[in-house]
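First up is the structure itself, then whatever we jot down about it.
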Amino acid sequence: MLEVFQEATKALRDEPVGRLATFDLLYDGIAASIRGDMQTTIKMAERLLENELTLRILKALFLLKWVREFKATPRNVAILLIDRPEIDIREHEKAVGEALALLESQSYLQRNGEVYEFLTDTEKDIEVEIKSTEIDESQVTDLLGKVLFADVLRDPKIRYEGNGQDYTYARKLDDQLIGREADVAINIVTTDHYHHADSVTLAMHNVGKAELLAVLPPDTRLVGQARLFLKTQRYVQQNSGNGDATRHAILDQRSQQNSQRRSEMQTLAADLLRAAPLYLNGSRLY
């Protein structure tokens, strides 16, 4: 450990006084002691990634992969990479968040809720295969319908306070009917809707309908998590009997994480619905 700290200090010898040793510098100090096969991803990233911050994040999360006590949230990762006291924290956290999203999209990292995890070579291969798994878009609609209506809204009826009567309502997602038609409806618009960003058009199409329109905020995570849940579920089912012990262990872990992802989708859906603008007959209610 003394040697690792010494190497990190040497790396800063030409920097001005006040420069801080960030956590990723410890990787360079310990790299000589790491098995070659464990460094493949980092070495590949050094050749392919042009953004220095993404490489620094990879090195830090590699060192922390087996430290379960540390939660690699965007904020915690940003703290590890603060290199000077006068840094603009808000801009720094924004840059780290964008870099984490890029690394996840390229399957260097896996995201579970707000926590990111470094992927080994085998895990990276499996993650790429999961993301390439084909699913039917009708399955996405069905899953989102269950999460939003069954898990979050729950009650299949609306009570009219004027007469105290309960009325069954039709459930719609992005204008598509889910289940049976009814005299009144609730239509939830997700980021997948063609006019999601055009509130004027959405309100205009709502005129003259006995339909409550709820427009979810411009957050693509819910739809993205739904697709990833279905892809992971299908991939695990198709490959559970294939491969060696290492792959079996990874698939078991992915299956457990998928169960957690389903719960997180419910929480996220509730938060998005709570913040969703509501329209009735073309007028905004909330």
Side-chain angles (χ1 to χ4, degrees), residues 61 65 68 70-74 76 97 100-101 103-105 107-119 122-156 171-174 176-179 186-193 196 214-243 247-276:
L61 293 189
K65 179 172 177 61
R68 296 303 176 189
F70 180 83
K71 303 300 181 185
T73 63
N76 287 345
L100 286 168
L103 289 168
E104 182 199 7
S105 68
S107 299
Y108 286 101
L109 303 178
Q110 177 188 337
R111 178 177 177 176
N112 299 306
E114 290 299 311
V115 177
Y116 290 83
E117 180 184 357
F118 179 91
L119 295 177
T122 303
E123 289 174 330
K124 188 175 187 294
D125 291 342
I126 290 175
E127 191 69 13
V128 171
E129 291 169 6
I130 287 175
K131 290 180 178 178
S132 300
T133 300
E134 294 186 0
I135 55 173
D136 192 323
E137 283 300 306
S138 64
Q139 294 178 282
V140 180
T141 300
D142 183 59
L143 176 58
L144 288 173
K146 290 177 180 177
V147 172
L148 289 163
F149 289 104
D151 295 348
V152 179
L153 293 181
R154 299 182 183 179
D155 197 336
R171 304 178 177 193
K172 292 185 179 181
L173 187 70
D174 292 334
Q176 296 183 46
L177 180 65
I178 301 175
I186 294 179
N187 185 8
I188 300 177
V189 171
T190 73
T191 52
D192 260 13
H193 194 286
H196 177 269
V215 183
L216 299 185
D219 187 331
T220 60
R221 286 181 300 164
L222 181 62
V223 177
Q225 288 292 83
R227 287 196 173 95
L228 186 56
F229 174 88
L230 292 168
K231 290 184 176 192
T232 302
Q233 186 180 63
R234 183 172 186 181
Y235 182 87
V236 171
Q237 290 173 348
Q238 291 177 337
N239 295 273
S240 58
N242 304 326
R247 289 183 66 88
H248 287 166
I250 295 173
L251 291 181
D252 286 343
Q253 183 185 45
R254 291 295 175 270
S255 182
Q256 294 172 12
Q257 290 170 343
N258 221 30
S259 297
Q260 181 181 350
R261 180 176 291 114
R262 182 65 174 77
S263 299
E264 291 168 351
M265 285 174 57
Q266 182 176 335
T267 301
L268 177 58
D271 292 339
L272 292 175
L273 269 176
R274 196 176 294 116

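Residue numbers run from 1 in the order of the sequence given.
Nearest approach of Gly145 to Leu173, heavy atoms of both residues: N-CD2, 4.1 Å. Considering all non-hydrogen atoms of both residues, Gln237 and Ser240 come closest at O-OG, 3.7 Å. For Pro217 against Thr191, the heavy-atom pair with the smallest separation is O-CG2, 3.8 Å. For the pair Leu148 and Ala269, the tightest heavy-atom approach, listed with the atom from each and the gap, is CD2-CB, 3.8 Å. Here the shortest heavy-atom pairing between Ala226 and Leu144 reads CB-CD2, 3.8 Å. When all heavy atoms of Arg274 and Asp271 are compared, the pair lying nearest together is NH1-OD1, 2.9 Å.
Partner of Gln260 under the side chain to side chain donor-acceptor pair (under 3.5 Å) criterion, out of Glu264, Arg262, Gln256: Glu264 alone. Partner of Glu117 under the salt bridge (charged side-chain N to carboxylate O under 4.0 Å, His left out) criterion, out of Lys71, Lys65, Arg254: Lys65 alone.
With rounding to the nearest 0.5 Å, the separation of OG in Ser255 from CD1 in Ile250 is 13.5 Å. Between the CD1 atom of Ile126 and the CD atom of Gln110 there is a distance of 10.5 Å, given to the nearest 0.5 Å. Summarising the geometry, atom CG belonging to Leu143 is positioned 8.5 Å from atom CG belonging to Leu222; distances are rounded to the nearest 0.5 Å. If you take CD1 on Ile188 and CZ on Arg171, they are separated by 9.0 Å, rounding to the nearest 0.5 Å. Distance check: Asp151 CG to Met265 CE gives 8.5 Å after rounding to the nearest 0.5 Å. The distance from the CD1 atom of Ile130 to the CG atom of Leu230 is 12.5 Å, given to the nearest 0.5 Å.
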Should Asn112 and Arg261 be marked as a side-chain contact (heavy atoms from CB on, under 4.5 Å) after you check the CA-CA gap, both sets of side-chain angles, and the distance that decides it? CA-CA 7 Å; Asn112 299 306; Arg261 180 176 291 114; 3.9 Å; yes

Evaluate the side-chain contact (heavy atoms from CB on, under 4.5 Å) criterion for residues Gln233 and Gln139: first the C-alpha distance (whole Å), next the side-chain angles of each, then the deciding distance (0.1 Å), finally the verdict. CA-CA 12 Å; Gln233 186 180 63; Gln139 294 178 282; over 6 Å; no

Evaluation steps, side-chain contact (heavy atoms from CB on, under 4.5 Å), between Leu109 and Leu61: CA-CA 9 Å; Leu109 303 178; Leu61 293 189; 3.8 Å; yes

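With sequence neighbours excluded, the residues forming a side chain to side chain contact (heavy atoms under 4.5 Å, CB included) with Gln176 are Thr141, listed by chain and number. Shown here are the side chain to side chain contact (heavy atoms under 4.5 Å, CB included) partners of Asp174, two or more places apart in sequence or in another chain: Val189, Thr190, Asp192, His193. Here Glu104 pairs with Arg111, Tyr116, Lys131 under the side chain to side chain contact (heavy atoms under 4.5 Å, CB included) rule; sequence neighbours left out. Residues that satisfy the salt bridge (Lys or Arg N to Asp or Glu O under 4.0 Å) test with Glu134, not counting sequence neighbours, are absent from this structure. Considering only residues two or more places apart in sequence or on other chains, Asp142 meets the side chain to side chain contact (heavy atoms under 4.5 Å, CB included) condition with Lys146.
Glu129 has a carboxylate O that lies under 4.0 Å from a charged side-chain N of Arg247, or vice versa, which qualifies the two as a salt bridge. In this structure, Asp136 does not pair ionically with Arg234, as no charged nitrogen and carboxylate oxygen lie closer than 4.0 Å.
Annotation: salt bridge (Lys or Arg N to Asp or Glu O under 4.0 Å) contacts involving residues 215-224, sequence neighbours excluded, comprise Glu114-Arg221, Asp219-Arg221.
For the pair Val236 and Asn258, the minimum side-chain heavy-atom distance is 4.5 Å or more.
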